[in-house]
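Report on the following structure.
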Amino acid sequence: MLTMIKTSFKERARQHSFWLMIGTVVVLAILCTPRFNTGIKVLSLDPKIFRQADNPTWLPICAALIFGFTLPFFGIGAVENALQTDRTSGVWPWIAATRFARLSYGLALFVGNFLVLLSMWFVTLFATGLMVVIRFPGQSIGLATLLSPFLALLPSMALIAALALLVESITAKRRSGLVTVFMFGLLYVYATQLSEPHAFWHRLLSLSGLTSLQDTVSRASERVIGRPIDGIQMFSSYAGQQGKLSLHFGPVAFDRTTLAYMLGEMLIAVGIALVAALLMHKARQTGGLKVRHQAQVPTSSASVPADYVPIQAGHFQWPQLLQVEAKRQWHIGSWRYRALLLGSWLIVWFVPTAAQQEAGLPIVWLLALPWLSALGSSPRGWQSWLNTVPAANQHQKWAELLVSGGLALVIMVPFIVRTPSAALQLLFVAVATVALAQGMGSLLNSGHLLALLMALFWFFYMNGLTGMISPTHFSLIVCIVFAGLFIVGLALTELANRRRGLA
């Protein structure tokens with residue numbers, strides 16, 4: 001089993017998505033260090049009363065809060081590829097041909113998932129310690145103050161590792177509808193936990209581990225002003241004067257109740273991993289390789305005809321290629337999924353403008369996740385012949401981008417009609433989204449990271465950060481940002497083509 005754990009972790013560590021995620025975590029850990037003299041405050045704690053980030057004890061608690069807040073999104077995006085990795089590397093047939101216990105295999109993948117998250121955890125911890133030295137030279141904090149906020153996140157990391165394995169086991173047949181249900185369920189459960197953090201089941205099945213951190217913040221506030229802090233604001237735009245009082249944080253208090261919740265969550269995570277292992281066994285039985293027996297072709301028929309002419313790159317017509325690509329994208333999901341997406345798009349035409357902008361826009365794009373996640377994947381099935389035709393892959397990529405861009409613009413039509421002043425940035429949002437989907441899918445050969453990033457983006461949007469799109473009025477900054485993201489998506493696709501020798 002130990003060998004299987006090492007193999008699972010090494011296979012994930014070799015992927016580009018792993019190092020991209022590690023790099024993203026490092027950048028976030030450094031850039032998201034709390035400061036008060038910035039336009040957007042990463043973290044604000046009663047800024048009218050307390051001086052913000054004026055001592056080194058702020059950094060570990062704030063870094064752990066941000067890490068835990070984004071864990072349900074970045075965490076699942078980082079580890080929800082264990083079975084896909086084993087499928088593409090040929091491990092499933094080997095497992096089916098050996099006596100390796102399926103429960104041991106499932107637990108090995110679970111531990112591998114946890115090790116991936118632990119790598120992100122360790123990188124964040126290291127970057128936080130480095131920022132303490134840089135931001136507050138000559139000042140030190142206790143080891144418990146630095147480590148304890150991150151230790152509080154470990155049970156939630158185990159639960160995320162198990163849930164990712166369970167979801168991937170259930171959706172092993174690439175059933176896009178279930179992925180959509182999972183994304184909405186994740187957003188709903190997470191929002192409920194944030195609103196009622198001390199409820200029994202929310203503490204026992206915490207996706208973020210924020211409850212202990214929030215209690216630590218409240219205790220620090222009680223020591224200074226005699227009452228808990230009013231609220232923890234992330235990505236705040238507060239522009240007033242900061243308070244005069246200084247807030248110092250101590251270590252997280254791991255009392256018996258907290259430890260009992262943490263232990264219970266770890267045990268539940270192991271139980272979920274065992275259920276996922278049983279479901280994986282069924283997925284391997286139904287998802288194995290099927291060998292088609294074909295009649296033998298006489299050797300004489302393999303000779304090349306005298307009038308044989310190789311296919312040239314220019315022997316194709318764009319209208320036919322775009323038509324074929326449109327049919328392919330239309331049939332990415334089941335008819336039920338297409339009916340759901342089309343029905344939601346029709347409904348947003350008739351809802352009030354405020355509801356359309358606050359809820360309709362994110363819901364429609366979240367429903368489009370299965371379609372977006374399928375863009376840019378490496379040629380397989382009927383597309384395998386593209387490698388035999390010069391420049392065919394490039395033509396197919398452009399056709400995919402043109403068709404998906406057109407569909408994305410159609411999705412935006414009801415919102416543009418209702419608020420024409422914001423039409424330009426809505427167009428940029430649409431084309432940038434499909435370009436990033438194709439670029440990340442082409443480079444990583446997986447849509448999981450894109451799906452989780454989009455879920456995180458729209459989660460922030462639905463929680464009040466509508467300025468990221470500014471759907472009510474024209475915003476030059478939003479246009480520039482999404483135009484840049486569109487260029488990044490094209491660059492990722494080109495990079496993927498060059499790595500595969502297709503350019």
Side-chain angles (χ1 to χ4, degrees), residues 39-41 73 180 183-184 187-188 191 233-239 326 329-330 333 337-373 375 401-440 450-490:
I40 298 296
K41 280 69 177 177
F73 306 99
T180 304
M183 295 306 304
F184 276 104
L187 289 173
Y188 174 77
Q233 297 178 339
M234 291 188 179
F235 305 102
S236 169
S237 58
Y238 175 76
Q329 292 193 30
W330 176 249
Y337 166 69
R338 296 194 295 271
L340 177 63
L341 182 58
L342 181 59
S344 302
W345 182 79
L346 292 174
I347 290 174
V348 298
W349 282 90
F350 304 101
V351 298
T353 302
Q356 186 191 70
Q357 294 170 350
E358 295 174 5
L361 185 62
I363 287 176
V364 170
W365 278 102
L366 286 173
L367 285 173
L369 279 180
W371 161 59
L372 293 170
S373 300
L375 297 179
L401 182 62
L402 290 173
V403 172
S404 59
L407 292 175
L409 294 179
V410 170
I411 290 177
M412 282 297 192
V413 168
F415 308 99
I416 293 174
V417 170
R418 195 70 64 86
T419 54
S421 60
L424 187 58
Q425 66 250 33
L426 292 177
L427 293 177
F428 274 117
V429 169
V431 297
T433 299
V434 296
L436 276 177
Q438 185 189 64
M440 297 179 69
L450 171 84
L452 271 299
L453 288 176
M454 280 195 63
L456 181 62
F457 177 86
W458 291 113
F459 180 80
F460 285 147
Y461 179 92
M462 288 188 292
N463 280 272
L465 292 180
T466 56
M468 297 186 299
I469 292 181
S470 186
T472 59
H473 59 276
F474 173 75
S475 173
L476 180 60
I477 295 178
V478 173
C479 292
I480 294 174
V481 169
F482 281 94
L485 292 177
F486 174 74
I487 296 173
V488 169
L490 296 181

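Throughout, numbering of the chain's residues begins at 1 and tracks the sequence.
- In this structure Ile480 satisfies the side-chain contact (heavy atoms from CB on, under 4.5 Å) test together with Leu476, sequence neighbours excluded.
- Side-chain contact between Phe457 and Pro362 is absent, with no heavy-atom pair separated by less than 4.5 Å.
- To the nearest 0.5 Å, atoms CG (Leu402) and CG (Leu407) are separated by 11.0 Å.
- The minimum heavy-atom distance between Val434 and Gly405, with the atom names listed, is CG2-CA, 3.8 Å.
- Listed by chain and number, the residues in a side chain to side chain donor-acceptor pair (under 3.5 Å) with Gln357 amount to none (sequence neighbours excluded).
- In this structure Trp330 satisfies the ring-ring contact (aromatic ring centres under 6.0 Å, His included) test with no other residue, sequence neighbours excluded.
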Please tabulate, one pair per line, all N/O donor-acceptor pairs under 3.5 Å involving side-chain atoms of residues 340-347, not counting sequence neighbours.
unit_1: Ser344; atom_1: OG; unit_2: Leu340; atom_2: O; d: 2.9
unit_1: Trp345; atom_1: NE1; unit_2: Val410; atom_2: O; d: 3.0
unit_1: Trp345; atom_1: NE1; unit_2: Ile411; atom_2: O; d: 3.4

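- Sorted by first and then second residue, the pairs that involve residues 408-424 and meet side chain to side chain donor-acceptor pair (under 3.5 Å), not counting sequence neighbours, are Thr353-Arg418.
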Enumerate donor-acceptor pairs with a distance under 3.5 Å from any side-chain N or O in residues 425-433 to protein atoms, sequence neighbours excluded.
unit_1: Gln425; atom_1: OE1; unit_2: Ser475; atom_2: N; d: 3.3
unit_1: Gln425; atom_1: NE2; unit_2: Ser470; atom_2: O; d: 2.6
unit_1: Gln425; atom_1: NE2; unit_2: His473; atom_2: O; d: 2.5
unit_1: Thr433; atom_1: OG1; unit_2: Val429; atom_2: O; d: 2.6

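- The line from SG of Cys479 to CG of Leu424 is 4.0 Å long, rounded to the nearest 0.5 Å.
- Here the closest non-hydrogen pair linking Ser404 and Leu375 is CB-CD1, 3.8 Å.
- Atom CG of residue Leu372 and atom CD of residue Gln329 lie 9.5 Å apart, to the nearest 0.5 angstrom.
- Looking only at distances, a side-chain donor or acceptor of Gln356 sits under 3.5 Å from a matching main-chain atom of Val348.
- The shortest side-chain heavy-atom distance between Leu490 and Leu401 falls under the 4.5 Å cut-off.
- For the residue pair Leu367 and Pro370, the shortest heavy atom distance occurs at O-CD, 3.3 Å.
- The two residues Trp371 and Ala408 have their closest heavy-atom pair at CH2-N, 4.0 Å.
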- Message: Phe482 vs Leu436, test: side chain to side chain contact (heavy atoms under 4.5 Å, CB included). Steps then yes/no.
- Response: CA-CA 10 Å; Phe482 281 94; Leu436 276 177; over 6 Å; no
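- A search for ring-ring contact (aromatic ring centres under 6.0 Å, His included) contacts involving Tyr461 returns Trp458, not counting sequence neighbours.
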